[in-house]
Chemist: 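To start, I am sharing the structure in question, which I have written as structure tokens.
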Amino acid sequence: MGVNGIKTGQYMGESYQERLSKITDKNAASAFQAAYAKKMAGSTDYISAISKAYSTGRAGATNFADAFPQYNVVTHVGNADISSSNWQRNDFPFWEYFQKNTSADALNDWKPVGENPPQTRGDLQRNYSSVGSGQIAILIPESLQQKMDADPAYARKIIAKLQEWKEDYDRWDNTVAASFGGNVAEHQAGKSYVFDLDEDGNVRNCTVTGPGRLTGPTKEEMERFKAEQAKKWERRVKYIQILNESANGRKIQEQENLRFFQSRLERRMDLLQ
């Protein structure tokens, strides 16, 4: 099964087992399994609809700005050479890639100092917050950009590959957010991304930020979320009972959420046209 040469049985460019084996957090693993099942079933539930809408561009897009019109997209063409271990550090200065005058190879010589610091460190929080929401920065090798410029059909294939990867990621990440009681529409709208592509257009490295932090809950946040959910449970019982009075309660709620989200997205798209 595939679309435009993409193996849709994969998730974020890997097989189910390859990706799942890398997830150590139980909640994230459970969310990944749910997200994968939704993708394979072609689900159009609320989370899937939001994730798809934010990864859908203008028809026939041959450049990344048209591929992601909901975002402010900056592309850096050059030869980035950054190890995954450096990229995954919380203090790796990925935020510099959101600046237009930063070259793709600007951070090739960056070296970590000491142990990986926590995301909650004050200076890192300020750097994460400086990115803001609705931004995408893409590092693309010169050889790949040349191929895309020379062949629009090939460019569309590369763009479709990145769109699918992002949709997969968002479906998973939004499922995690929902499991902690987060507002999925606000969570999605608050994200920004850095994609480091290899010569075949695959995502080699990626960092995603939410409002003031890297996405994905830290251990401290998970404990806080659990405590907050316990406190809120008693207040939520009555609301849940009201929804359960009708077998369609949850479906009605999702339809209302989806209509609200779609109206917001349409207004944003109108502003971009």
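Counting from 1, the numbers follow the sequence of the chain as shown. These numbers come from a predicted model, not from an experiment.
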Chemist: Taking side-chain hydrogen bond (donor to acceptor under 3.5 Å, both in side chains) as the test, write out the residues that go with E18, two or more places apart.
Modeler: S15

Chemist: Name every donor-acceptor pair, under 3.5 Å, that has one atom in a side chain of residues 107-116 and the other anywhere in the protein, sequence neighbours excluded.
Modeler:
| from | atom 1 | to | atom 2 | distance (Å) |
| --- | --- | --- | --- | --- |
| N108 | OD1 | D81 | N | 2.8 |
| N108 | ND2 | N79 | O | 3.1 |
| N116 | OD1 | N90 | N | 2.9 |

Chemist: Answer with yes or no whether the side chains of N174 and Y46 bring together a donor and an acceptor at under 3.5 Å.
Modeler: no

Chemist: List for me each residue that meets side chain to side chain contact (heavy atoms under 4.5 Å, CB included) alongside A153, sequence neighbours excluded, and say none if there are none.
Modeler: D151, R156

Chemist: Give me each pair satisfying ring-ring contact (aromatic ring centres under 6.0 Å, His included) with a member in residues 131-167, each pair once, sequence neighbours excluded.
Modeler: W165-F195

Chemist: Distance from Q163 atom CD to F64 atom CZ, nearest 0.5 Å?
Modeler: 9.5 Å

Chemist: Spell out, as yes or no, whether a donor-acceptor pair under 3.5 Å connects the side chain of K161 to the backbone of G13.
Modeler: no

Chemist: Please confirm whether the backbone N or O of E167 pairs with a side-chain atom of K39, one donor and one acceptor, at under 3.5 Å?
Modeler: no

Chemist: Show your reasoning for whether side-chain contact (heavy atoms from CB on, under 4.5 Å) applies to I82 and F94.
Modeler: CA-CA 11 Å; I82 301 162; F94 68 88; over 6 Å; no

Chemist: To the nearest 0.5 angstrom, please state how far the CD atom of Q70 sits from the OG atom of S55.
Modeler: 7.5 Å

Chemist: Please confirm whether the backbone N or O of T44 pairs with a side-chain atom of S48, one donor and one acceptor, at under 3.5 Å?
Modeler: no

Chemist: For a quick test of reading the model, state the closest non-hydrogen atom pair linking D200 to D198 and the distance between them.
Modeler: N-OD1, 2.9 Å

Chemist: Side chains of residues 138-149: which donor-acceptor partners sit under 3.5 Å, not counting sequence neighbours?
Modeler:
| from | atom 1 | to | atom 2 | distance (Å) |
| --- | --- | --- | --- | --- |
| Q145 | NE2 | D149 | OD1 | 2.9 |

Chemist: So how far is it from N202 CG to M12 CE, rounded to the nearest 0.5 Å?
Modeler: 12.5 Å

Chemist: Is it the case that one hydrophobic cluster holds both V74 and I158, taking links as side-chain heavy atoms less than 4.5 Å apart, direct or via other members?
Modeler: no

Chemist: For a quick test of reading the model, state the closest non-hydrogen atom pair linking R19 to I23 and the distance between them.
Modeler: O-CG1, 3.5 Å

Chemist: I need the minimum non-hydrogen distance between G132 and T209, along with the two atoms involved.
Modeler: O-OG1, 4.5 Å

Chemist: Please examine the side chains of F98 and S192, heavy atoms only from C-beta on, and report whether any two atoms are closer than 4.5 Å.
Modeler: yes

Chemist: Holding to side chain to side chain contact (heavy atoms under 4.5 Å, CB included), I want the full list of residues that pass it with A177, two or more places apart in sequence or in another chain.
Modeler: H187

Chemist: Measure the spacing between CG of D66 and CD1 of I159 and express it to the nearest 0.5 Å.
Modeler: 8.0 Å

Chemist: Okay, side chain of T102, backbone of E96: is any donor-acceptor separation there less than 3.5 Å?
Modeler: yes

Chemist: Going by the angle between their ring planes, with limits at 30° and 60°, are Y36 and Y16 parallel, tilted or perpendicular?
Modeler: tilted

Chemist: Give a yes or no on whether K38 atom NZ has more than 12 heavy-atom contacts from other residues, nucleotides or ligands under 6.0 Å away.
Modeler: yes

Chemist: Do you know which two heavy atoms are closest between G190 and S133, and how far apart they sit?
Modeler: O-CB, 3.3 Å

Chemist: Less than 4.0 Å between a side-chain N and a carboxylate O, is that true for D173 and K191?
Modeler: yes

Chemist: Pair T207, Y97 - check side-chain contact (heavy atoms from CB on, under 4.5 Å), show working.
Modeler: CA-CA 11 Å; T207 295; Y97 286 128; over 6 Å; no

Chemist: Show, in sequence, the C-alpha distance, side-chain angles and deciding distance for K166 and I136, and conclude whether the side-chain contact (heavy atoms from CB on, under 4.5 Å) test is met.
Modeler: CA-CA 11 Å; K166 179 180 176 298; I136 290 181; 4.3 Å; yes

Chemist: Can you tell me how far the CD atom of Q88 sits from the CG atom of N86, to the nearest 0.5 Å?
Modeler: 9.5 Å

Chemist: Between F32 and Y11, is the gap from one ring center to the other below 6.0 Å?
Modeler: yes

Chemist: Could you pull out the closest heavy-atom pair between A80 and A104, with the gap in Å?
Modeler: CB-O, 3.3 Å

Chemist: Specify the closest pair of heavy atoms between A28 and V176, including all atoms of both residues, with the distance to one decimal.
Modeler: CA-CG2, 4.2 Å

Chemist: Is atom CD of E199 surrounded by more than 12 heavy atoms (other residues, nucleotides or ligands) closer than 6.0 Å?
Modeler: no

Chemist: Check whether T175 reaches the backbone of R171 with its side chain - one donor and one acceptor, N or O, closer than 3.5 Å.
Modeler: yes

Chemist: Does any non-hydrogen side-chain atom of Y71 lie less than 4.5 Å from one of Y193?
Modeler: yes

Chemist: Can any side-chain N or O of Q188 pair as donor or acceptor with the backbone N or O of E186 at less than 3.5 Å?
Modeler: no

Chemist: Look at the side chain of S130 and the backbone N and O of N127, then say whether any donor-acceptor pair between them is shorter than 3.5 Å.
Modeler: yes

